[in-house]
Trainee: 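The structure is given below, and queries will be raised subsequently.
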Amino acid sequence: MTKLYSCPAIVVLSASLFFGANSASAQENYRFQQNLEQLQQQEQIDQLRREQQQNQLQQRLDEIQRRPEGQMQRQQQSNDRQQQIDQLQLDRQRNQLRQEQQFNQLREEEQLNQPQRRQQFDQFQREQQLQQLQQQQQIDQLQQQQEKNRLQP
């Protein structure tokens with residue numbers, strides 16, 4: 001019903017109210033004026049509702065148009081970050097495994113080489129002792145020779 005009344009109809013009704021005031025009673029004019037104002041207010045309300053609905057629909061459309069792209073982009077970024085995290089964790093696990101393998105290998109070599117190293121150490125000690133003995137003998141010889149040289153006139 002509100003769609004039937006348009007701005008020209010309201011103007012016509014207003015004009016007829018103004019020009020026909022002499023022929024109608026004051027009470028009818030008052031009711032007519034009130035009805036006219038009510039119709040104008042209702043039409044304004046309806047117009048605002050239509051604009052509001054149109055704005056809401058436009059917002060929804062904008063969201064829908066942005067959503068797939070935005071969601072896909074956010075999802076892709078999230079996937080990329082998760083992939084980076086996974087790669088870092090994998091690299092860390094690989095490094096840790098490599099370090100453990102190296103440590104185990106060194107420990108095995110140490111255990112295998114322990115007797116050989118003990119032999120090498122023992123050999124080194126004997127050589128050191130021998131060298132010390134030789135040095136001590138040289139010192140003793142030099143001292144003896146020096147004593148002889150003192151005692152000789």
Side-chain angles (χ1 to χ4, degrees), residues 1-18 30-151:
M1 180 172 174
T2 58
K3 291 183 181 180
L4 296 176
Y5 296 101
S6 64
C7 287
I10 294 172
V11 171
V12 169
L13 287 174
S14 297
S16 65
L17 176 64
F18 179 76
Y30 179 73
R31 269 188 266 152
F32 185 80
Q33 183 72 24
Q34 289 237 329
N35 288 341
L36 182 61
E37 287 176 4
Q38 241 180 357
L39 286 173
Q40 288 173 337
Q41 288 175 353
Q42 189 60 45
E43 186 163 50
Q44 288 175 346
I45 290 171
D46 290 341
Q47 180 65 29
L48 290 173
R49 281 186 185 153
R50 283 191 300 274
E51 288 176 7
Q52 185 179 15
Q53 287 175 343
Q54 184 179 358
N55 288 339
Q56 287 174 346
L57 289 172
Q58 186 63 45
Q59 286 176 347
R60 286 182 191 163
L61 179 62
D62 291 344
E63 287 174 8
I64 289 171
Q65 288 174 345
R66 283 188 301 240
R67 186 180 307 155
E69 185 177 302
Q71 275 184 334
M72 287 178 10
Q73 187 177 17
R74 282 191 299 275
Q75 185 64 39
Q76 184 62 41
Q77 289 172 348
S78 177
N79 290 346
D80 290 347
R81 283 190 296 270
Q82 186 61 47
Q83 202 171 25
Q84 289 172 344
I85 290 169
D86 292 345
Q87 185 63 43
L88 289 172
Q89 288 175 340
L90 182 63
D91 289 345
R92 184 173 51 108
Q93 288 172 349
R94 284 180 183 158
N95 286 337
Q96 188 175 10
L97 181 61
R98 190 174 85 272
Q99 288 173 350
E100 287 176 11
Q101 287 173 340
Q102 288 174 344
F103 177 74
N104 289 337
Q105 184 179 1
L106 287 173
R107 188 171 50 202
E108 286 175 17
E109 287 176 7
E110 179 66 27
Q111 288 173 352
L112 290 174
N113 292 332
Q114 193 171 9
Q116 183 183 357
R117 287 191 179 169
R118 182 67 187 164
Q119 287 175 353
Q120 288 174 347
F121 179 72
D122 289 345
Q123 179 68 27
F124 176 75
Q125 274 187 323
R126 284 191 298 268
E127 288 175 1
Q128 288 295 315
Q129 287 173 350
L130 180 62
Q131 203 172 34
Q132 285 176 355
L133 280 173
Q134 288 173 347
Q135 287 175 350
Q136 187 61 43
Q137 282 177 350
Q138 286 175 350
I139 290 172
D140 288 346
Q141 284 176 357
L142 285 173
Q143 283 178 344
Q144 285 176 0
Q145 193 174 17
Q146 197 174 25
E147 259 322 289
K148 280 184 187 181
N149 286 342
R150 273 191 210 163
L151 293 175

Trainee: Roughly how far, to the nearest 0.5 Å, is CD of Q56 from CD of Q54?
Mentor: 11.0 Å
Trainee: I need the Q42 CD to N35 CG distance, nearest 0.5 Å.
Mentor: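 Result: 12.5 Å between the selected atoms.
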Trainee: Could you tell me the separation between the CG atom of L130 and the CD atom of Q137, rounded to the nearest 0.5 Å?
Mentor: 8.5 Å
Trainee: For atom CD of Q83, is the number of surrounding heavy atoms from other residues, nucleotides or ligands below 6.0 Å larger than 12?
Mentor: no
Trainee: Quick one: salt bridge (charged side-chain N to carboxylate O under 4.0 Å, His left out) partners of R81, sequence neighbours excluded?
Mentor: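 R81: no salt bridge (charged side-chain N to carboxylate O under 4.0 Å, His left out) contacts found.
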Trainee: With a 4.5 Å cut-off on side-chain heavy atoms, are L48 and Q52 touching?
Mentor: no
Trainee: Show every salt bridge (charged side-chain N to carboxylate O under 4.0 Å, His left out) that has at least one partner inside residues 119-147, sequence neighbours left out.
Mentor: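 For residues 119-147: R118-D122, E147-R150.
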Trainee: Assess whether side chain to side chain donor-acceptor pair (under 3.5 Å) is satisfied between Q87 and D91, documenting all intermediate values.
Mentor: CA-CA 6 Å; Q87 185 63 43; D91 289 345; 3.0 Å; yes
Trainee: Please name all residues satisfying side-chain contact (heavy atoms from CB on, under 4.5 Å) with Q128, sequence neighbours left out, ordered by chain then number.
Mentor: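 Residues passing side-chain contact (heavy atoms from CB on, under 4.5 Å) with Q128: F124, Q131.
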Trainee: To the nearest 0.5 Å, how far apart are CZ in R94 and CZ in R98?
Mentor: 11.0 Å
Trainee: Side chain to side chain contact (heavy atoms under 4.5 Å, CB included), that's the test. Do L39 and E43 meet it? Break it down for me.
Mentor: CA-CA 6 Å; L39 286 173; E43 186 163 50; over 6 Å; no
Trainee: Rounded to the nearest 0.5 Å, what's the gap from CD on Q141 to NZ on K148? Could you check?
Mentor: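 Those atoms lie 10.0 Å apart.
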Trainee: Identify, with sequence neighbours excluded, every residue that meets side-chain contact (heavy atoms from CB on, under 4.5 Å) alongside Q47.
Mentor: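 Once residues adjacent in sequence are excluded, the partners of Q47 under the side-chain contact (heavy atoms from CB on, under 4.5 Å) criterion are R50, E51.
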Trainee: Can you list the residues that meet the side-chain contact (heavy atoms from CB on, under 4.5 Å) rule with Q76, with sequence neighbours excluded?
Mentor: D80
Trainee: Side chain to side chain donor-acceptor pair (under 3.5 Å) for N95 and Q99? Distances and angles first, verdict last.
Mentor: CA-CA 6 Å; N95 286 337; Q99 288 173 350; over 6 Å; no
Trainee: Listed by chain and number, what are the side-chain contact (heavy atoms from CB on, under 4.5 Å) partners of R92, not counting sequence neighbours?
Mentor: Q89
Trainee: For the atom pair CD (Q123) and CD (Q120), what is the distance rounded to the nearest 0.5 Å?
Mentor: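 The CD atom of Q120 is 9.5 Å from CD of Q123, to the nearest 0.5 Å.
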